[in-house]
Chemist: 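This is the structure I want to talk about, given as structure tokens.
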Amino acid sequence: MKTYEAKSESEAVELAANDLKIPADQVKYAVVSDVKKLFGRKVTIGVYTKADVIEYAVNLLETICETLELKVNAEASLADDVIKIDINADIPSVVIGRSGENLRALNELVRSAVFNRFGEHYRILLNCDSYKEDKYARLVRAAKHAAWTVKKTGVKVSLDPMTSDERRVIHNALANDKRVTTLSEGTGRFRHITINRVELPTESVKEEPVVSEEKTDVQE
């Protein structure tokens, strides 16, 4: 992170913009210090890039796991504006936790820390031992079965609460089915998807299709 000092925050941002040759409103920065002096102020800002955010997230995650006496190695990649961090652990089951609770808690902790550090929300997705891909596949199978039931009975089905990346997988999986619509409802940890039937004339519901075991990828 490169730092710039000036008498005010706006002046520091202007210095950074001139140095980087970009408009001031495109400078991504955090205030490092704001010191009041007898005859003025000295404001220091740190200008960061996506690479700085990724490095911070990976280092923080490894530090947390080390504190918990978990031996891990984290590798990050950036795809479609999503920071994906794959965790290689000696004991993956401990990192993942029951029903993915530990992995989800780590994900939220890292995401919150990144926001507090850089003042901007980033889409961050943690994974360990292919847990997310396996879970996406299970959720898609369950959602397609629920969609078939909805088309057959006309009764709305509410799925169990899911994380945002899991809900996105379900929305995408059923997006091309013209006989149903999906909607995210609820707040916080209780946010879930409901599946509703769309009435189309002169159409009958076919037999429930066999859903393959193919894994599904997603961007959070």
Side-chain angles (χ1 to χ4, degrees), residues 1-5 9 12-13 16-17 19-22 25-34 44-139 161-170 172 188-189 191 215-220:
M1 181 183 294
K2 193 172 183 179
T3 59
Y4 298 85
E5 294 181 359
E9 182 177 335
V13 172
D19 183 38
L20 299 173
K21 296 179 175 55
I22 60 174
D25 59 1
Q26 293 183 15
V27 176
K28 294 183 181 294
Y29 71 95
V31 177
V32 176
S33 65
D34 187 348
T44 303
I45 65 170
V47 176
Y48 59 87
T49 64
K50 188 67 70 67
D52 294 317
V53 175
I54 293 174
E55 181 180 7
Y56 176 82
V58 169
N59 290 339
L60 175 64
L61 176 61
E62 291 182 337
T63 299
I64 293 172
C65 290
E66 183 179 351
T67 302
L68 298 173
E69 298 184 349
L70 297 173
K71 294 182 179 180
V72 305
N73 177 51
E75 298 180 355
S77 61
L78 182 65
D80 297 328
D81 210 32
V82 178
I83 300 173
K84 293 184 175 183
I85 303 178
D86 192 46
I87 304 171
N88 300 307
D90 287 352
I91 311 177
S93 59
V94 176
V95 175
I96 296 169
R98 183 179 181 182
S99 300
E101 290 180 356
N102 293 352
L103 188 63
R104 183 165 57 252
L106 283 172
N107 207 138
E108 289 305 315
L109 183 59
V110 172
R111 196 197 325 256
S112 297
V114 166
F115 173 75
N116 290 334
R117 180 68 178 84
F118 298 100
E120 186 174 349
H121 288 288
Y122 288 90
R123 294 166 61 190
I124 299 174
L125 183 63
L126 304 190
N127 197 8
C128 182
D129 198 33
S130 300
Y131 172 78
K132 297 300 289 188
E133 291 88 350
D134 293 339
K135 188 171 185 182
Y136 293 153
R138 294 196 303 271
L139 290 174
M162 304 176 194
T163 58
S164 60
D165 58 298
E166 293 166 355
R167 293 195 305 274
R168 188 170 291 106
V169 165
I170 302 305
N172 291 340
R189 60 182 300 184
R191 194 158 176 77
K215 293 182 180 180
T216 308
D217 193 15
V218 70
Q219 315 298 325
E220 186 188 13

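Quick caveat, the model's predicted, so the values are computed rather than measured.
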Chemist: Let me confirm one number: the CZ-CG distance from Arg167 to Leu139, rounded to the nearest 0.5 Å.
Modeler: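 Reported to 0.5 Å precision, the distance equals 12.0 Å.
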Chemist: Classify the ring geometry of His121 against Phe115: parallel below 30°, tilted from 30° to 60°, perpendicular beyond 60°.
Modeler: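 It falls in the parallel class, under 30°.
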Chemist: Looking only at heavy atoms, what is the nearest atom pair of Lys135 and Ser99, with distance?
Modeler: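 Heavy atoms only, the tightest pair is NZ-O, 4.1 Å.
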Chemist: Measuring from atom CD1 of Ile170 to atom OH of Tyr136, what distance do you get when rounded to the nearest 0.5 angstrom?
Modeler: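 The CD1 atom of Ile170 sits 10.5 Å away from the OH atom of Tyr136.
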Chemist: With a 4.5 Å cut-off on side-chain heavy atoms, are Val53 and Ile83 touching?
Modeler: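 Answer yes - side chains close enough.
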Chemist: Answer yes or no: is there an ion pair linking Asp52 with Lys28, defined by an N-O contact shorter than 4.0 Å?
Modeler: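 Between Lys28 and Asp52 there is no salt bridge, as every charged N stays at least 4.0 Å from the carboxylate O atoms.
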Chemist: Can Glu101 and Arg98 be counted as an ion pair, charged N to O under 4.0 angstrom?
Modeler: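 Answer for the salt bridge query: no.
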Chemist: Tell me which one of Lys2, Arg117, Glu120 satisfies side-chain contact (heavy atoms from CB on, under 4.5 Å) with Tyr48.
Modeler: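 Considering Lys2, Arg117, Glu120, a side-chain contact (heavy atoms from CB on, under 4.5 Å) with Tyr48 is found only for Glu120.
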Chemist: Going from CG on Leu60 to CD1 on Ile85, what distance comes out if it is rounded to the nearest 0.5 angstrom?
Modeler: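 That separation rounds to 9.0 Å.
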Chemist: To the nearest 0.5 angstrom, please state how far the OH atom of Tyr29 sits from the CG atom of Leu20.
Modeler: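 With rounding to 0.5 Å, OH (Tyr29) is 13.5 Å from CG (Leu20).
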Chemist: Between the main-chain N or O of Thr163 and the side-chain N or O of Glu166, is there a donor-acceptor pair closer than 3.5 Å?
Modeler: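 Yes, because the side chain of Glu166 sits within donor-acceptor range (under 3.5 Å) of the backbone of Thr163.
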Chemist: Which pair of heavy atoms, one from Asp86 and one from Cys128, lies closest together, and at what distance?
Modeler: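 Of all heavy-atom pairs spanning Asp86 and Cys128, the closest is OD1-N, 4.3 Å.
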Chemist: Nearest 0.5 Å, what's the CG-SG distance between Asp90 and Cys65?
Modeler: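 So the CG of Asp90 and the SG of Cys65 are separated by 11.0 Å.
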Chemist: Measure from the side-chain N and O atoms of Asn107 to the backbone N and O of Leu103, and report whether any donor-acceptor pair falls under 3.5 Å.
Modeler: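 Between the backbone of Leu103 and the side chain of Asn107 there is no qualifying donor-acceptor contact (under 3.5 Å).
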Chemist: May I ask you to check whether over 12 heavy atoms, not counting those of Leu109, lie within 6.0 Å of atom CG?
Modeler: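 Buried by this count: over 12 neighbours within 6.0 Å.
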Chemist: Just wondering, do Glu75 and Asn88 contact through their side chains at under 4.5 Å, heavy atoms?
Modeler: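 They are in side-chain contact.
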Chemist: Any non-hydrogen side-chain atom of Ile45 less than 4.5 Å from a side-chain atom of Thr3?
Modeler: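 No, their side chains stay 4.5 Å or more apart.
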Chemist: Would you say Gln26 has more than 12 foreign heavy atoms packed within less than 6.0 Å of its CD?
Modeler: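 Enclosed.
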Chemist: With Asn127 as reference, evaluate Lys132, Lys84, Glu133 under the side chain to side chain donor-acceptor pair (under 3.5 Å) test and give the passing residue.
Modeler: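 Exactly one candidate clears the test, Glu133.
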Chemist: Glu5: which residues meet the salt bridge (Lys or Arg N to Asp or Glu O under 4.0 Å) condition with it, sequence neighbours left out?
Modeler: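 Listed in chain order: nothing, the list is empty.
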Chemist: For the pair Glu66 and Thr63, evaluate side-chain hydrogen bond (donor to acceptor under 3.5 Å, both in side chains) and give the outcome as yes or no after the intermediate values.
Modeler: CA-CA 5 Å; Glu66 183 179 351; Thr63 299; 5.4 Å; no
Chemist: Under 6.0 Å from the CZ atom of Arg138, do we count more than 12 heavy atoms belonging to anything else shown?
Modeler: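 Check passes, neighbour count above 12.
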Chemist: Which residues pass the salt bridge (Lys or Arg N to Asp or Glu O under 4.0 Å) test with Lys71, not counting sequence neighbours?
Modeler: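 Counting only residues at least two positions away or on another chain, Lys71 forms no salt bridge (Lys or Arg N to Asp or Glu O under 4.0 Å).
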Chemist: Within the 4.5 Å heavy-atom criterion, are Ile96 and Asn102 side-chain neighbours or not?
Modeler: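 No, their side chains stay 4.5 Å or more apart.
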Chemist: Show your reasoning for whether side-chain hydrogen bond (donor to acceptor under 3.5 Å, both in side chains) applies to Asp81 and Tyr122.
Modeler: CA-CA 8 Å; Asp81 210 32; Tyr122 288 90; over 6 Å; no
Chemist: When rounded to the nearest 0.5 angstrom, what is the spacing between OG1 in Thr44 and CD in Glu9?
Modeler: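 Atom-to-atom, Thr44:OG1 and Glu9:CD are 11.0 Å apart.
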Chemist: Backbone N or O of Ala74 within a donor-acceptor pair of the Glu62 side chain at under 3.5 Å?
Modeler: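 Here the side-chain-to-backbone pair exists.
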